[in-house]
Amino acid sequence: MRIPRPRSLAGQLFAMQVVLVAAIVAGCALFTYITDRSQAEETARRQSRAAATAVARSPSVVAAARSAHPTRQLQPYTERLRRDAGVNFVVIMAPDGTRWTHPEPGEIGKKYLGSIDEALKGKIYSEKHLGTLGPSVRTVAPVYDHGKITGLVSAGITIEKISEQVSKQVAALLGVAGAALALGGLGTYVINARLRRHTHGMNAAELSRLHDYHEAALHAVREGLVMLDGRRRIALVNDGARELLGLDEDVVGRPVDSLGLPAPLTGALLSAQPRVDEVHLTADRVIVVNTSPVVGGEQRGTVVTLRDHTELQSLSGELDSERGFTQALRSQAHEAANRLHTVVSLIELGRADEAVEFATAELELAQALTDRVVGSVGEPVLAALLLGKAAQANERGVELVLAEDSRIDDGLLPPSLSARDLVTILGNLIDNAVDAASEAAATRSLRARVTVTVRADLDELLLQVTDTGAGVDPADADEVFRRGWSTHGAGRGLGLALVKQAAHRSRGTVGLAEGPDGGAEFTVRLPLRPAEVRA
């Protein structure tokens, strides 16, 4: 047996709205009916009062009340007045209640059935009473003759006649109520048809479940997700995106260009064209951006996904360093084999003294830099990096020199200063310096040299790399740290941007100046203690 699917949210709202409209229309109709009936009775009371008062004050009525046969004069008069005044009866009676006139002649001479006590006191009195013609609204007025009550006049309208008038009004009211109900139902149907399209026919439970899944997925996904509306404002952002972009909690509703993001990243988010796997740098991270416009007849917004590539980029830099170190070791092994053959050949030629001198000179030259690095740099990561870069530089004909004042003991670096960031900073600076020195030596016939200073003071770590290259144009001093800036063509220009980003992550600074040999001198200062301790 198939369980029937619950009614959709639009259907439920339609039913509720129809019932609500029907209840409102019915309530208004009932209120109008009661109000009309009350007004009809009040109108009948005023009409009967006017008729009774006019008859009681008529001189002909006063004169007839003095005569011996009042009925003969008053009966035709009251019948004519009853038809003209629109009342059901006009009864003129003696002060004791004996009728002189009546619409039904058989009732003349009988006692009046209503109350006449208030009229005998000189008051004009209205009441609802059951008479010979049925229930009616009537008014009794006294007839005065020289200050004396000589008769009474009762004029009234039956409830049946009032009901007929109200029935005509109710018929018109029901017509208006039916039209209002039909119009309200039609408007409700149109609105709910649109709602049904937007909710895809789902009911409230399904929408609630979908919302719960949406919220759970939004916060469970590690990648960043940002949704922009048609006016390029933040409509939705998950926890991953807040962390990657460094956004506050109250960012929803703010324009993208007011978030303080880097200009290239802001341009990618504001672009109307889709972006696929674009790499952008923030102050602390390397992120990959993908954007997809949401289009449905008009520009409705943009969906942006963000992936963190900071760790991957760092690992890639370390891998490049290790690969270069391996290549340098392979090259050194090949060169060592050549030198060994040279030594063996000298011995075979009987030149033992020259063989010893050649081997000792090569050994001292290789060991000197190793001893210098190991003796001055106790941090193993930096020592290994310097030795590897020295081998790479030597392979390219560049001499890598460790400055005399370099000194850093093992265990001095705090845990907050990541070894990976140090490799990123120093490795990229040395690579750029080697490139610059090598190119300058090829064009100017100079001895290519890169000088590295690694010194740990009490409060900060100093990393300085100076080369003998062509230097950097002062106009480009700020641009060199921007992603994409390079003198080696497209696809380069990421190293110095990563250096600045890693330094910023460690709350450090990066400076650029002209070196003593005319090349570039990059200086990085990284704090070794928290700011509050240094203060």
Side-chain angles (χ1 to χ4, degrees), residues 281-286 310 313-314 317-318 320-321 373 376-390 392-393 400-409 412-437 449-469 471-472 474 476-483 485-486 493-517 519-531 534:
L281 274 71
T282 64
D284 299 318
R285 297 181 183 272
V286 180
T310 306
Q313 194 67 46
S314 299
E318 292 182 23
D320 289 341
S321 298
V373 170
S376 299
V377 181
E379 180 62 36
V381 173
L382 293 180
L385 176 67
L386 288 172
L387 290 176
K389 293 300 180 183
Q392 292 181 32
L400 192 146
V401 179
L402 186 64
E404 292 295 333
D405 60 344
S406 295
R407 185 71 186 178
I408 177 172
D409 296 329
L412 184 62
L413 301 184
S416 59
L417 194 56
S418 170
R420 181 171 297 164
D421 285 344
L422 292 179
V423 170
T424 298
I425 294 171
L426 194 56
N428 280 286
L429 290 179
I430 293 176
D431 287 342
N432 286 351
V434 170
D435 288 342
R449 186 176 66 255
V450 173
T451 303
V452 179
T453 303
V454 180
R455 186 173 66 247
D457 296 328
L458 183 62
D459 292 334
E460 68 178 11
L461 172 66
L462 173 68
L463 303 176
Q464 190 175 74
V465 178
T466 306
D467 60 66
T468 57
V472 178
D476 297 329
D478 294 329
E479 288 294 312
V480 295
F481 298 105
R482 178 178 57 82
R483 175 184 177 271
W485 187 94
S486 175
L494 186 60
L496 290 178
L498 291 176
V499 169
K500 185 174 183 180
Q501 186 186 77
H504 182 272
R505 254 196 317 269
S506 300
R507 303 297 183 266
T509 60
V510 181
L512 171 60
E514 182 179 350
D517 297 323
E521 182 180 82
F522 287 90
T523 304
V524 179
R525 299 180 184 274
L526 304 176
L528 294 180
R529 291 194 296 173
R534 287 184 280 120

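These numbers come from the heavy atoms of this one structure, side chains and all, not from hydrogens, waters or symmetry mates.
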* **Residues in side-chain hydrogen bond (donor to acceptor under 3.5 Å, both in side chains) contact with T523, at least two apart in sequence or another chain** => Q464

* **Between CG on residue L429 and OG1 on residue T424, distance to nearest 0.5 Å** => 10.5 Å

* Working to the nearest 0.5 Å, report the span between CG of L402 and OG1 of T451. => 9.5 Å

* About how many Å separate CG of L462 and CG of L528, when rounded to the nearest 0.5 Å? -> 10.5 Å

* Structure fact -> Between the CZ atom in R525 and the CG atom in D459, the distance rounded to the nearest 0.5 Å is 12.0 Å

* Structure fact -> Separation between CG (L400) and NZ (K389), nearest 0.5 Å, reads 10.0 Å

* Asked: Out of curiosity, T509 OG1 to K500 NZ, how far, rounded to the nearest 0.5 Å?
  -> 10.5 Å

* Asked: Yes or no on side-chain contact (heavy atoms from CB on, under 4.5 Å) for I425 and V510, after CA distance, side-chain angles and deciding distance?
  -> CA-CA 10 Å; I425 294 171; V510 181; over 6 Å; no

* Asked: Is there a side-chain contact (heavy atoms from CB on, under 4.5 Å) between N432 and V499 once you walk through the steps?
  -> CA-CA 11 Å; N432 286 351; V499 169; over 6 Å; no

* Asked: With sequence neighbours left out, what residues match T466 under side-chain hydrogen bond (donor to acceptor under 3.5 Å, both in side chains)?
  -> E521

* Find out whether L461 and L422 are in side-chain contact, i.e. whether some heavy atom of one side chain is under 4.5 Å from a heavy atom of the other. => yes

* Residues two or more places apart in sequence or in another chain: which of them pass side chain to side chain contact (heavy atoms under 4.5 Å, CB included) with A520? -> D467, V472, L512, F522

* Asked: Between V524, V454, D431, which is the residue that forms a side-chain contact (heavy atoms from CB on, under 4.5 Å) with L426?
  -> V454

